[in-house]
Amino acid sequence: MAKFWKPGTEKPRLVEDEDGGVLFFYSTSSSSSSSFGYANNLQQQRQRLPVFKRRDAILFLVENHATTIVVGETGSGKTTQIPQYLNEGGWAESGHVIGCTQPRRLAVQSVASRVAEEMGVKLGEEVGYVIRFEDVTTPGVTRIKFLTDGVLLREMMDDPLLSKYSVIMIDEAHERSISTDIVLGLLKKIQRRRPELRLIISSATIEAKSIASFFRASKKHRGGATKELGPKTEPAIVSVEGRGFTVEINYIQEPVADYLRAAVSTVMLIHKQQTVGDILVFLTGQDDIDAGVQLLNEEAQSSGKSNGELLVLPLYSGLSRAEQDLVFSPTPRGKRKIIISTNIAETSLTLEGIVYVVDSGFSKQRFYDPLSDIENLVVAPISKASARQRAGRAGRVRPGKCFRLYTEEYYVNEMSAEGIPEMQRSNLVSCIIQLKALGIDNILGFGWPSSPSPEAMIRALEVLYSLGVLDDDAKLTSPTGFQVAEIPLDPMLSKALLASNELGCSEEMLTISAVLSVQSIWISVRGAQKQLDEAKLRFAAAEGDHVTFLNVYKGFLESGKSSKWCHKNFINYHAMKKVLETREQLKKTAQRLGIVLKSCDRDIQVIRKAITAGFFANACHLEPYSHEGKYKTVRTSQDVYIHPSSVLFRVNPKWVVYHSLVSTDRRYMRNVVTIDPTWLVEVAPHYYQYQGPGSIATLTR
Ligand code: ADP
Ligand code: MG
């Protein structure tokens, strides 16, 4: 059983851990406090939010400054209130729209529905949202629009000056997501052309200072017409007071080997020993969150007494609407809610009623290595700034406690102060193609909030050049480059979709693209791997995963889109519904680009060729005499293996192309399809040359 020091006492000496392998925490510092009562209706609740005290100041500053930076603790009302103040202040008159961006799709949906509720309007009318593949707005009616920063980037392609917006609020700027950074860079340019456009940049941390200096206009651009007529170019900064209660921090005494199990035992311990209050657990992604939910439910069952008292809920993007709503609905009497979340609950979403936080110290982060060209979502340690944010979530309604599943020593000495901006750890292919499509040719000289690495930049340019998206002058080609830029998919996949038009299998490629755009269509249940594998076999195609997806999709349609059918086959029903929606959206884009909808009637070969036309750079061949299924990439001669989740795992066909690489203990290819090597030369003669039977090499440029 885990042990804790009594809260509020001095930091104790480290005491020997007798039980072996138990959790042992001690408490240290605490943060500021204030008091706050419950409000009983929405309008009262609104006025009690800390940001309400700054309402007039914010409206005044937005009126007078081109850029206003708002810093305020999570839960102070920035996201839900400021767009409403702007609406009340007249910024949505004469057809103008107030935009508010979020880095995460789930946050977009959630805050939009909250704001619609507060305003007493139907979601999709005065208040709407847009995320990739989902538009819930009514043009001409929608006044407040929530959207991901990625969607805002796409909107700039049709409307480079974003002319329908009067104010754009870039929210969660402290997160420094790649799209946020690009959007900030572009908005700075747009402001020079549209001085009347107002920007609000909001952030949960003081990091806003560096953003302010980014927006401070350089001398060169100061003055002119804007000096006398328009708003001041100097950014204004407002800070909103927090209203957090004291949060007592507890550290684990000895490092834990398995944060998932440690989190589960800590939750059970809190439940047994601590007074009422909901618990928020920070894990990393869907896999460990689902596993955590399952383990906790099992624990609760076996510990008899607490059975039925715990309401364990997951929180990550990709949840259905109903599952999301459960997380936000009040905890039923006599129950304790336990929300197991990704870092979306760190600052993007405010959950009421949380008194205890369990922090694993990890989150899923994107890391890109331009040399191996692998972009991985890996479980990596969080920064001190994140750890502080997570702890803060425990102090919303009354003094709370945070249990860190790492040692204080680790926190003090090893945790980095701040995270690295995503821009500096991402594959830049999509980012560059979008900038090019917006007419920004000097990518290196683009005013980045923080510059990306030259290696990543060069690699991205190479990929785009090989796809025929960029020409020798690094300009978008016409029509391919412009078309690829317009399709909201990874450029290789967009290219495959374009190729499917010529090959007469666009219907199939649309399906495959839609499936590849959702997280996973399979349900993974801990301990049921065998059943999942058997289910997959029912759909498995010898040609590989892409063709398997087509079989699943066909089966789903034939079942009448039945959830029962999905359940029986270990297929995620919500993911399949998402596939349908995504496919619809993609179909519209494809038709706009002149792609003719055509099915190849199961002529699998042309489908594989179309995939090869996009993914030829990812070609690999099986090492002769390799007993363990070792492949070499043609481009770089790296060792790679087929991922165990692929239907071609252990089948090991001679030649394949893969959709993506992940590296864990080895480099694994995910979503693999068999090819005929002669196609490589056929679809990419500028890239490959034939060197005799079974031998293909990349051309050196
Ligand atoms: P910030 O953006 O400053 O972190 P928000 O505007 O997101 O703050 O949240 C302000 C308040 O609105 C929260 O304290 C919470 O009480 C309430 N709130 C926000 N979203 C929801 C929701 N989906 N359901 C219920 N209450 C919500
Ligand atoms: Mg917010």
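Each ligand, and each atom within it, is numbered from 1 in the order the structure gives. Nothing here was measured: the structure is a model prediction, and the numbers come from that model. Position 1 is the first residue of the sequence; numbering continues from there.
With a 4.0 Å heavy-atom cut-off, ligand 1 is reached by the side chain of L49 but not by its N, CA, C or O. Of the heavy atoms in R114, only side-chain atoms (C-beta onward) come closer than 4.0 Å to ligand 1. Residue contacts with ligand 1, taken as heavy atom pairs separated by less than 4.0 Å, involve E73 solely via the backbone atoms N, CA, C and O.
Within the 4.5 Å cutoff, the side chain of E309 has no heavy atoms near those of the R336 side chain. M169 places none of its side-chain heavy atoms less than 4.5 Å from the side chain of T101.
Remark: ligand 1 and K78 share an N or O pair separated by less than 3.5 Å (distance only, no angle test). For ligand 1, the polar-atom distance check against R396 finds a nitrogen or oxygen pair separated by under 3.5 Å. Between T80 and ligand 1, a contact under 3.5 Å exists for at least one N or O pair. Between F328 and ligand 1, a contact under 3.5 Å exists for no N or O pair.
The closest protein non-hydrogen atom to atom 1 (P) of ligand 1 is G75 N, 3.4 Å. Among all non-hydrogen protein atoms, the one lying nearest atom 2 (O) of ligand 1 is T79 OG1, 2.6 Å.
A side-chain N or O of T67 and one of Q191 form a donor-acceptor pair less than 3.5 Å apart. No hydrogens or angles considered: a donor-acceptor pair under 3.5 Å links the side chains of Q81 and E118. No side-chain donor from either of S383 and E418 sits under 3.5 Å from a side-chain acceptor of the other.
Interface of E352 with ligand 1, defined as ligand atoms under 4.0 Å from a residue heavy atom, comprises 13 (C), 14 (O), 15 (C), 16 (O). Under a 4.0 Å criterion applied to the non-hydrogen atoms of T74, ligand 1 contributes the atoms 4 (O). In summary, the atoms of ligand 1 found under 4.0 Å from a heavy atom of S110, numbered by their order in the structure, are 23 (N).
Here R104 pairs with E175 in a salt bridge; the nearest charged N to carboxylate O distance falls below 4.0 Å. Taking the charged nitrogens against the carboxylate oxygens, R390 and E346 do have a contact shorter than 4.0 Å, which makes a salt bridge.
Nearest residue to atom 7 (O) of ligand 1 from V397, T350, V327, L351 is T350 (criterion: closest heavy atom).
The aromatic rings of F403 and Y356 sit tilted relative to each other, their planes meeting at an angle between 30° and 60°.
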